[in-house]
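Structure, as structure tokens:
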Amino acid sequence: MEKILVTGSLGQIGSELVDKLRGMYGNDNVIASDLMKKDEQIELIEAGPFELLDVMDGEAILNVVKKHGIKRIVNLAALLSAVGEKNPHKCWQINMGGVVNCLEIAKDHGLSVFTPSSIACFGPTTPKDKTPQETVQRPNTMYGVTKVAGELICDYYHSKFGVDTRGVRFPGLISYKTLPGGGTTDYAVEIYYEAIKKGSYDSFIDANTYMDMMYMPDAIDAIVHLMNADPSRLRYRNAYNITAMSINPLDIEKSIKKFMPDFKLGFNVDPVREAIAQSWPNSLDDSPAREDWDFSPKYDLDKMTEDMLKNLMIKLDIK
Ligand code: NAD
Ligand code: SER
């Protein structure tokens with residue numbers, strides 16, 4: 001079995017991906033890593049190999065690769081959009097440093113690399129509806145700049161050096177296990193927590209602002225599916241558009257009300273995150289992902305809402 005290293009593995013995606021991969025390939029074959037240990041992730045840290053790893057330190061990544069005989073890296077370490085705008089230089093250093101270090105090691109030691117891009121790779125001049133796979137990519141956030149540059153460098157290492165690079169442009173991801181790390185789409189997670197805790201929520205994103213979203217089980221399936229896809233079918237080595245739903249805060253309110261009729265949605269719009277959201281597409285065209293590696297999400301908005309509310313009631317111990 002090829003060993004897999006996951007960077008940034010204690011975050012929103014990594015904490016669920018590591019569980020899934022360990023279930024598929026065995027605990028010892030999936031090496032979790034992050035900048036520091038987090039108390040709330042102690043189960044994951046103790047369930048299998050864990051390394052403290054800063055992705056900006058290429059030598060440290062190489063040591064871990066050699067120590068465990070790693071053949072595949074899933075690089076999830078990053079600063080997200082809202083945090084990235086507060087510290088653009090650090091965002092550039094971490095997001096690009098991580099990708100470049102992983103690709104260099106992959107080139108020299110025959111590894112494959114999965115690294116996610118985002119809807120943030122698009123900008124205000126991108127066509128907003130059914131945004132095509134290949135189109136204008138001129139983002140106006142540092143996070144978005146790192147995502148476009150990350151896509152291009154993955155393409156470059158594939159065509160120039162034959163590195164097996166794969167990636168998706170994730171939409172906003174909604175989950176109940178681990179809180180998101182400071183993105184613009186975080187409102188779509190907060191709304192469910194606050195619905196359960198208080199019965200109401202004030203959204204920092206405006207009522208009619210559409211963004212693509214996806215429930216975490218579909219995101220994890222997409223990573224596993226693309227990592228195992230037949231390479232001869234893959235037309236894109238930068239990143240594939242994927243989405244499950246194009247929604248705004250009013251859509252989520254309507255869906256929550258089907259299960260909690262008294263839920264109330266208010267607005268306290270944050271101009272910074274609203275401007276970021278306005279610069280991103282309303283909806284993506286993900287037909288190339290469906291054609292090339294059979295991407296097919298299972299959760300629509302209501303199915304996700306039902307599952308989120310049910311699991312948050314248990315997590316937050318609300319009867
Ligand atoms: P997250 O913020 O929840 O987790 C990122 C993890 O990276 C954290 O655990 C953090 O401690 C770690 N980290 C930060 N700096 C590091 C460093 N220098 N070295 C090692 N680890 C470091 O993020 P996430 O939501 O899990 O996102 C993972 C990837 O998916 C990122 O590339 C992100 O851009 C992308 N993505 C996420 C979403 C989403 O909605 N969650 C959407 C689109 C793309
Ligand atoms: N969820 C991410 C963010 O809002 C999208 O990449 O930053």
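First listed ligand is number 1; within each ligand, the first listed atom is number 1. Small disclaimer: the values here were computed from a predicted structure and weren't measured.
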Could you list which atoms of ligand 2 come closer than 4.0 Å to a heavy atom of Y143? 5 (C), 6 (O), 7 (O)
Closest to atom 2 (O) of ligand 1 (judged by heavy-atom distance), picking from G8, G167, G181, G14: G181
Winner among N101, T184, L173 once heavy atoms are compared against atom 40 (O) of ligand 1: L173
Within the 4.0 Å heavy-atom cut-off, what K38 brings close to ligand 1 is side chain
Who's closest to atom 10 (C) of ligand 1 heavy-atom-wise, of I13, D34, L17, V83? D34
Does K147 come within less than 4.0 Å of ligand 1, judged by its heavy atoms? yes
Between I119, V189, L76, I242, flag the one that comes closest to atom 29 (C) of ligand 1 by a heavy atom. L76
Are any of the side-chain heavy atoms of T126 and Q137 separated by less than 4.5 Å? no
Taking both backbone and side-chain atoms of A77, is any N or O found less than 3.5 Å from an N or O belonging to ligand 1? no
Cationic tip of K160 within the cone over Y156's six-membered ring, i.e. under 6.0 Å and within 45° of the normal? no
Would you check whether N75 has a nitrogen or oxygen atom less than 3.5 angstrom from a nitrogen or oxygen atom of ligand 1? no
Restricting to non-hydrogen atoms, name the atom on P171 and the atom on T243 that form the minimum distance, rounded to 0.1 Å. CG-CA, 4.2 Å
Which heavy atom of the protein is the closest neighbour of atom 1 (N) of ligand 2, given with residue, atom name and distance? T185 OG1, 2.7 Å
Looking only at protein heavy atoms, which one is nearest to atom 18 (N) of ligand 1, and how far off is it? D54 OD1, 2.9 Å
Among the heavy atoms of L10, does any lie under 4.0 Å from an atom of ligand 1? yes
Taking 4.0 angstrom as the limit and counting only heavy atoms of F170, give me the atoms of ligand 1 inside it, by number and element. 42 (C), 43 (C), 44 (C)
Would you mind listing which atoms of ligand 2 come within a distance below 4.0 Å of any non-hydrogen atom of T184? 3 (C), 4 (O), 7 (O)
Using a distance-only test with no angle check, is there a side-chain donor-acceptor pair under 3.5 angstrom linking S112 and D164? no
Find all atoms of ligand 2 within a distance of less than 4.0 Å from any non-hydrogen atom belonging to S118, and give their numbers and elements. 5 (C), 6 (O)
The atoms of ligand 2 lying under 4.0 Å from a heavy atom of S81, numbered in the order shown, are 3 (C), 4 (O), 7 (O)
Under 4.0 Å, heavy-atom basis, I'd like to know which part of S33 is in contact with ligand 1: side chain, backbone, both or neither. neither
For W280 and ligand 2, answer yes if some heavy atom of the residue is under 4.0 Å from a ligand atom, otherwise no. yes
Of the backbone atoms (N, CA, C, O) and the side-chain heavy atoms from C-beta on, which set of R169 has a member under 4.0 Å from an atom of ligand 1: side chain, backbone, both, or neither? neither
Purely on distance, is any nitrogen or oxygen of V55 under 3.5 Å from one on ligand 1? yes
State, with a plain yes or no, whether a side-chain heavy atom of Y176 is found less than 4.5 Å away from one of I314. no
For ligand 1, is G172 a contact, meaning one of its heavy atoms is under 4.0 Å away? yes
At less than 4.0 angstrom from any non-hydrogen atom of A78, what atoms of ligand 1 do you find? 5 (C), 7 (O), 31 (C), 32 (O)
Would you say NZ of K254 has more than 12 non-hydrogen atoms from neighbouring residues, nucleotides or ligands within 6.0 angstrom? no
Taking C-beta and beyond as the side chain, do S175 and M214 meet within less than 4.5 Å on heavy atoms? no
Within the structure, is a non-hydrogen atom of A120 found at a distance of less than 4.0 Å from ligand 1? no
I252 vs Y187 side-chain heavy atoms within contact, under 4.5 Å: yes
Hey, does V99 have a side-chain heavy atom less than 4.5 Å from the side chain of N75? yes
With side chains defined as the heavy atoms from C-beta onward, is the minimum distance between I174 and M308 less than 4.5 Å? yes
Mind checking whether L53 contacts ligand 1 via backbone (N, CA, C, O), side chain (CB onward), both or neither, at a 4.0 Å heavy-atom cut-off? backbone
Under 3.5 Å between any N/O of S117 and any N/O of ligand 1: does that happen in this structure? no
Would you say the side chain of M216 lies within less than 4.5 Å of the side chain of I13, judging by non-hydrogen atoms? yes
In ligand 1, the atoms that come under 4.0 Å of a heavy atom of L80 are 2 (O), 23 (O), 25 (O)
Short list, please: which atoms of ligand 1 are under 4.0 Å from a heavy atom of P171? 40 (O), 42 (C), 43 (C)
